[in-house]
2 protein chains.
Amino acid sequence: MGDLREEIREKIENKQFNCEKELTLSIISGKWKIVIIYQLGIDGPLRFNAIQRLFPRISHKVLSNQLRELEEDGIVNRQVYHEVVPIQVEYSLTPLGETLLPIVLMMYDWGKKRMEDLKV
Amino acid sequence: MGDLREEIREKIENKQFNCEKELTLSIISGKWKIVIIYQLGIDGPLRFNAIQRLFPRISHKVLSNQLRELEEDGIVNRQVYHEVVPIQVEYSLTPLGETLLPIVLMMYDWGKKRMEDLKV
DNA sequence: TCGTAAGGTTACCGCCAGATAACCACATAA
DNA sequence: TTATGTGGTTATCTGGCGGTAACCTTACGA
């Protein structure tokens with residue numbers, strides 16, 4: 001069970017999930033995670049500051065946090081380019097992360113349709 | 001915009017969502033919402049205590065809360081049977097709620113598969 | 001040598017979801 | 001008259017997420 005946050009691993013071991021769905025939810029829950037997954041899925045690899053420019057309202061610390069958690073859960077890949085100066089870090093979806101994309105896309109479509117219905 | 005919680009309505013009006021996906025996420029976020037949606041989708045209408053029996057760890061208050069929020073968001077239908085004694089209340093998915101089911105099912109499948117992969 | 005850009009970490013603080021537990025009304029059965 | 005089963009509400013408390021802001025290292029350019 002390497003590719004999971006401590007927190008989630010504990011929940012699994014202590015059987016604190018009532019259902020497997022909650023594993024999924026706990027991985028994508030987080031104020032910015034699904035938008036990050038979506039952007040990485042659509043735009044491909046993005047650098048830290050590129051993501052921040054896309055979502056100006058996300059704070060530095062929180063973005064850093066969300067990305068680390070996604071990385072720990074095996075959803076996002078973190079590629080560091082030491083040779084470049086200043087150092088560059090590129091984030092992309094792992095193969096596992098890409099399997100999450102259809103869910104995020106469905107959530108996008110659902111939310112979009114619902115939003116339209118509400119505005120009529 | 002009747003079928004939405006005050007809280008969510010405000011977020012829409014003040015454009016605090018960065019993307020429509022977040023509307024979806026904010027509707028299904030909540031420790032027990034997706035399992036409730038799932039059970040109502042699979043088992044059909046369920047009474048308050050029936051749900052509680054399915055998930056003994058959910059507290060009375062929280063279940064009541066989650067159901068009310070789902071109702072306010074137009075996902076769950078609340079049917080009261082006054083003629084029966086003691087009073088009976090039946091919860092079921094609304095048509096809108098059923099459109100959410102595919103997403104929940106995908107989350108279920110994803111979580112299940114991920115869980116299996118982890119246990120190998 | 002000061003500013004700026006890269007990508008972080010750390011400290012502190014406030015708020016709210018969820019946990020816990022007690023309370024309500026109503027009616028039936030023991 | 002007490003207990004049990006409906007389906008709730010209310011009060012209080014706490015952990016943790018996210019917000020804000022400061023700090024760090026490396027290196028280029030003015």
Side-chain angles (χ1 to χ4, degrees), chain A residues 5-8 10-11 14 16-18 22 25-36 40 45-73 76-92, chain B residues 5-8 10-11 14 16-18 22 25-36 40 45-73 76-92:
Chain A
R5 272 173 288 161
E6 186 67 30
E7 171 207 342
I8 297 186
E10 273 179 26
K11 284 197 182 172
N14 303 336
Q16 282 171 18
F17 283 129
N18 308 280
E22 297 186 49
L25 190 63
S26 65
I27 286 176
I28 64 173
S29 279
K31 197 164 180 185
W32 300 84
K33 288 188 182 171
I34 57 170
V35 297
I36 292 172
L40 292 181
L46 286 173
R47 291 172 50 194
F48 189 91
N49 279 4
I51 301 177
Q52 209 173 17
R53 257 176 257 119
L54 283 172
F55 312 109
R57 284 196 295 219
I58 189 169
S59 82
H60 202 77
K61 170 203 155 190
V62 171
L63 176 56
S64 161
N65 222 31
Q66 304 275 299
L67 285 169
R68 194 185 331 109
E69 290 187 358
L70 284 170
E71 191 197 352
E72 286 175 9
D73 289 340
V76 156
N77 199 275
R78 186 168 181 270
Q79 174 83 345
V80 186
Y81 294 99
H82 292 288
E83 47 304 346
V84 193
V85 158
I87 196 170
Q88 279 189 10
V89 183
E90 207 174 72
Y91 294 91
S92 57
Chain B
R5 273 173 288 160
E6 187 67 28
E7 174 206 339
I8 298 187
E10 272 179 28
K11 284 197 182 173
N14 304 337
Q16 284 172 16
F17 284 128
N18 307 280
E22 297 187 50
L25 189 63
S26 65
I27 285 176
I28 65 173
S29 280
K31 196 165 180 185
W32 300 85
K33 287 188 183 171
I34 59 171
V35 297
I36 292 172
L40 292 181
L46 286 173
R47 293 172 48 193
F48 188 91
N49 280 2
I51 301 177
Q52 208 172 19
R53 257 176 259 119
L54 284 171
F55 312 109
R57 284 196 293 220
I58 188 170
S59 82
H60 202 77
K61 171 203 155 188
V62 171
L63 176 56
S64 161
N65 223 32
Q66 303 275 301
L67 285 169
R68 193 184 333 109
E69 290 188 357
L70 284 170
E71 193 197 350
E72 286 175 7
D73 289 341
V76 156
N77 199 276
R78 185 168 181 271
Q79 174 81 344
V80 186
Y81 294 98
H82 292 288
E83 50 296 355
V84 193
V85 158
I87 196 173
Q88 280 189 9
V89 183
E90 207 174 72
Y91 294 92
S92 57

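In what follows, chains carry the letters A, B, and so on, assigned in the order in which the sequence lines appear, proteins first and then strands, with residues in each chain numbered from 1.
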Would you kindly give the [atom1]-to-[atom2] distance between [X] and [N], to the nearest whole Å?
X     : N      : atom1 : atom2 : value
A:E83 : C:dG7  : CD    : P     : 14 Å
A:L67 : C:dT9  : CG    : P     : 10 Å
A:L63 : D:dC17 : CG    : C1'   : 15 Å
A:Q88 : C:dA6  : CD    : P     : 9 Å
A:H82 : D:dA27 : NE2   : P     : 13 Å
A:I87 : C:dA6  : CD1   : P     : 13 Å
A:E6  : D:dG16 : CD    : C1'   : 16 Å

Does the plane of the ring in A:F48 sit parallel, tilted or perpendicular to the ring in A:Y91? Use 30° and 60° as the thresholds. tilted

Are B:E22 and B:K11 close enough, and set up right, to give a salt bridge (charged side-chain N to carboxylate O under 4.0 Å, His left out), and what steps lead you there? CA-CA 10 Å; B:E22 297 187 50; B:K11 284 197 182 173; over 6 Å; no

For [N], does either OP1 or OP2 sit under 4.0 Å from a side-chain N or O belonging to [X]?
X     : N     : answer
B:S64 : D:dG7 : no
A:R47 : C:dA6 : no
B:R53 : D:dG5 : no
B:R68 : D:dT9 : yes

Side chain proximity check, A:L70 to A:K33, heavy atoms < 4.5 angstrom: yes

Side chain proximity check, A:I51 to A:L67, heavy atoms < 4.5 angstrom: yes

Using 0.5 Å steps for rounding, measure from the CG atom of B:N18 to the CG atom of A:L54. 10.5 Å

Have a look at A:Y81 and say if it touches a base, only the backbone sugar-phosphate, or nothing, with a 4.0 Å heavy-atom cut-off. nothing

Assign a letter to each nucleotide of nucleotides 12-30 of chain C from its 5' end: B, base within under 4.0 Å of a protein heavy atom; S, sugar-phosphate only; -, no contact. ------BBBB-----S---

D:dG7, C:dG7, C:dT9: which one has an atom nearest the side-chain heavy atoms of A:N49? C:dG7

Judged by atom type as modelled, is there a donor-acceptor pair below 3.5 Å linking the side chain of A:E90 to the main-chain atoms of A:P45? no

